[in-house]
> 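Dropping a structure here in structure tokens format, bear with me for questions.
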Amino acid sequence: MTALVFGHKNPDTDSVCGAIALADLKKKLGEDIAAAVQGELNPESNFVLKKYGVAAPKVVTSYAGQSVYLVDHSDLAQSPDDLGQANILGIVDHHKLGDVTTSQPLECWIWPVGCTCTVIASMYKYFNVAIPKDIAGIMLCAILSDTVIFKSATCTDKDKEICAYLAEICGEKDLPGLGIQMFKVKSAVEGTPIRELVFRDYKDFKMGGKGVGIGQLELVDLSIVDGIKADLAKDIQALKKEKGHHSVFLMLTDIMKEGTELLIASDDESVVQKAFGVAPANGKAWLKGVMSRKKEIIPPLEKAFA
Ligand code: MN
Ligand code: MN
């Protein structure tokens with residue numbers, strides 16, 4: 001049976017392009033494998049696939065009885081609900097090690113770099129497989145997206161080195177220009193339902209035994225959401241109730257000013273002060289220089305909740 005490779009729930013560009021690229025590599029290494037996604041693509045991912053003429057993976061939400069590879073996550077909360085009934089062949093990721101476990105040995109590539117596609121591009125090199133032009137293009141975009149055009153605290157020299165290598169293969173000359181183009185697509189909020197914006201890049205966590213949801217909107221200018229900020233704040237309050245969470249946060253990240261306005265819905269707002277040293281006012285806090293959920297939001301919050 002064909003194995004499937006997929007990224008996390010609410011797929012982002014790294015999860016989509018990482019799945020496509022790993023499936024391409026594994027196929028060339030002789031495996032019967034296809035890419036999948038756990039949900040509909042966001043506008044940025046659609047833009048990227050269209051730009052390089054790559055077909056979107058099939059949406060698959062149930063994996064019981066399947067052989068699978070995970071990319072861009074190793075957390076059960078980000079995985080399909082029936083992952084326990086799947087046979088995990090491998091994980092390629094760049095997050096902290098999650099709580100996924102296996103009953104058999106697996107192939108594992110987890111590096112502390114800015115993007116899963118940086119690891120996958122390195123795997124192509126390791127296995128001495130040529131990277132097709134279109135795959136190089138979408139992996140390049142995934143790295144620019146995950147590293148916020150190299151500005152994120154998660155970006156490493158390895159990410160930059162791999163980007164230069166991929167840019168050469170796909171003939172892309174202006175990486176900052178390409179990055180801004182993508183983030184403009186990502187920033188577009190007009191006509192999008194509020195809940196969809198909250199969920200665009202949203203993840204659930206358990207911190208100190210409490211449910212915590214954290215969403216992020218990366219914007220080329222914070223003013224883009226001026227008109228809907230009150231609705232976003234209201235909606236994360238509603239979402240917190242629906243999920244029975246202790247807290248739901250929405251990061252409004254200004255990638256040009258390099259900072260994040262944190263919208264807060266919490267049973268105890270003092271966790272924000274504890275985690276970031278900033279006192280919230282009216283359910284908001286400005287976190288200067290903070291752009292990365294993974295590196296600058298989750299670790300201090302986990303400490304504050306512990
Ligand atoms: Mn991701
Ligand atoms: Mn990623």
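All values reported here derive from a predicted model rather than from experimental measurement. Remember, it's 1-based here, ligands and their atoms both numbered in the order they're listed.
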> Is any N, O or S atom of His94 under 2.8 Å away from the Mn ion (ligand 2)?
yes
> From the N, O or S atoms in Asp146, identify the one nearest to the Mn ion (ligand 2).
OD2
> Taking NZ, NE, NH1 and NH2 as the nitrogens, is one of them in Asp12 or Lys203 under 4.0 Å from a carboxylate oxygen of the other?
no
> If I take the Mn ion (ligand 1) as the centre, what angle separates the NE2 atom of His8 from the OD2 atom of Asp72? Nearest 10 degrees is fine.
90°
> Looking only at the aromatic ring of each residue, does the gap between the centers of Tyr69 and Phe6 stay below 6.0 angstrom?
no
> Locate the shortest heavy-atom distance separating Thr61 from Gln38; write the atom from each residue and the value.
CG2-O, 3.5 Å
> Do NZ/NE/NH1/NH2 and the carboxylate oxygens of Arg195 and Glu242 come within less than 4.0 Å?
yes
> Only N/O/S atoms count here: what is the atom of Asp12 closest to the Mn ion (ligand 1) called?
OD2
> Out of Ile33, Asp24, Leu25, which residue meets the side chain to side chain contact (heavy atoms under 4.5 Å, CB included) rule with Val5?
Ile33
> In Asp14, the N, O or S atom nearest to the Mn ion (ligand 2) is which?
OD2
